[in-house]
Amino acid sequence: MGKRGPAPKPDALKSKVNRAKRGANLADGIKPDVATPDCPDWLCLTGKGEWMRVVPHLQKCGLLSHLDMAALALYCQSYGRYVELENGMTARIKKLQAVQKLDYIEAVRTAFIDTTPNGYQQVSALASTIRNLKDEVLRYLAQFGMSPSSRTRVVVSNQPDLPGMPAAEPHDPWGGFVTH
């Protein structure tokens, strides 16, 4: 039989009073060491290029640890495949323009729409894959604060030895009540 009632609160939440009913920031206690993970060998060539491009920026902002290797690798691979498929789509459109003498708009429509053996039209598998990769890339960008709107929600790991960033002051909730 299933258990009744809501799941018990974690200990980290029990000590906090939450009158506003907002989600608690559980990242307060999780501060992984800022470090640069190694680039995986299996990344596609364009993905490796993206890794080399973004890692210095993420490192400078204090947004990388060894824990982030998998998420960053997935982002870079998705981005790399997205770019490769977009280049393939562009080549397909140019080929349609040259071989079938189509104007640009008609070549784009032809490249993005396939006709089934029964005569039905549907979005091409290439166009569908490009759209899915684009959605993946956008989700991964948000994980690392690499889109304008997601930058406001990223919590930086403020390790004291991070170059270019001031050391974090220990937060004392009772500091305002102490008199010297």
Side-chain angles (χ1 to χ4, degrees), residues 2-89 125-176:
K3 295 183 180 181
R4 294 179 175 235
K9 287 183 180 180
D11 289 338
L13 290 179
K14 287 180 183 177
S15 64
K16 297 183 187 271
V17 177
N18 191 0
R19 297 182 203 279
K21 304 292 184 198
R22 290 190 207 112
N25 182 5
L26 297 179
D28 287 342
I30 302 171
K31 304 271 191 227
D33 290 336
V34 175
T36 304
D38 294 329
C39 182
D41 296 336
W42 52 264
L43 284 181
C44 64
L45 187 60
T46 310
K48 285 181 182 180
E50 181 66 0
W51 181 283
M52 298 303 165
R53 185 186 75 81
V54 300
V55 162
H57 299 291
L58 292 172
Q59 187 179 22
K60 183 179 177 183
C61 294
L63 294 174
L64 274 183
S65 79
H66 286 294
L67 298 174
D68 302 321
M69 190 278 295
L72 185 59
L74 289 170
Y75 158 71
C76 290
Q77 186 71 354
S78 295
Y79 175 81
R81 292 293 183 223
Y82 166 72
V83 169
E84 290 169 356
L85 289 178
E86 280 288 359
N87 288 336
M89 183 61 85
L126 181 59
S128 181
T129 305
I130 287 171
R131 183 182 60 240
N132 291 340
L133 284 170
K134 191 183 306 184
D135 291 342
E136 276 183 28
V137 167
L138 288 172
R139 282 193 304 273
Y140 289 124
L141 285 172
Q143 294 297 314
F144 289 99
M146 292 192 289
S147 69
S149 64
S150 67
R151 270 185 220 112
T152 61
R153 294 185 293 271
V154 173
V155 177
V156 176
S157 179
N158 52 1
Q159 301 298 321
D161 60 347
L162 182 64
M165 294 202 53
E169 294 294 324
H171 179 68
D172 180 10
W174 303 103

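Excluded from the calculations below are hydrogen atoms, water molecules and symmetry mates; all remaining heavy atoms, backbone and side chain alike, are included.
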Heavy-atom side-chain proximity of Phe144 to Leu64 below 4.5 angstrom: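 Contact flag for Phe144/Leu64 side chains = yes.
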
Leu138 and Ser147, any side-chain heavy atoms less than 4.5 Å apart: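 Side-chain contact under 4.5 Å: no.
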
What closest approach, in Å, do [X] and [Y] show between heavy atoms, and which atom pair accounts for it?
X	Y	value
Ile130	Met89	CD1-CB, 3.9 Å
Pro37	Trp51	O-CZ2, 3.3 Å
Pro40	Lys48	O-CE, 3.8 Å

From CZ (Arg139) to OG (Ser78), nearest 0.5 Å: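 Interatomic distance, Arg139 CZ to Ser78 OG, rounded to 0.5 Å: 8.5 Å.
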
Between OH on residue Tyr82 and CD on residue Gln77, distance to nearest 0.5 Å: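 Interatomic distance, Tyr82 OH to Gln77 CD, rounded to 0.5 Å: 15.5 Å.
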
Single hit among Thr46, Leu43, Val55 for side chain to side chain contact (heavy atoms under 4.5 Å, CB included) with Cys76: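 Filter result, single survivor: Leu43.
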
Leu63: which of Val54, Leu72, Asp68, Leu58 passes side chain to side chain contact (heavy atoms under 4.5 Å, CB included):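 Of Val54, Leu72, Asp68, Leu58, side chain to side chain contact (heavy atoms under 4.5 Å, CB included) with Leu63 is met by Leu58 alone.
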
Residues forming a salt bridge (charged side-chain N to carboxylate O under 4.0 Å, His left out) with Glu136, sequence neighbours excluded: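 Salt bridge (charged side-chain N to carboxylate O under 4.0 Å, His left out) check on Glu136 returns nothing, list empty.
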
Salt bridge (charged side-chain N to carboxylate O under 4.0 Å, His left out) partners of Glu84, counting only residues at least two apart: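 Partners of Glu84 under the salt bridge (charged side-chain N to carboxylate O under 4.0 Å, His left out) test: Arg81.
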
Steps toward side chain to side chain contact (heavy atoms under 4.5 Å, CB included) verdict (Tyr140, Met146): CA-CA 8 Å; Tyr140 289 124; Met146 292 192 289; over 6 Å; no

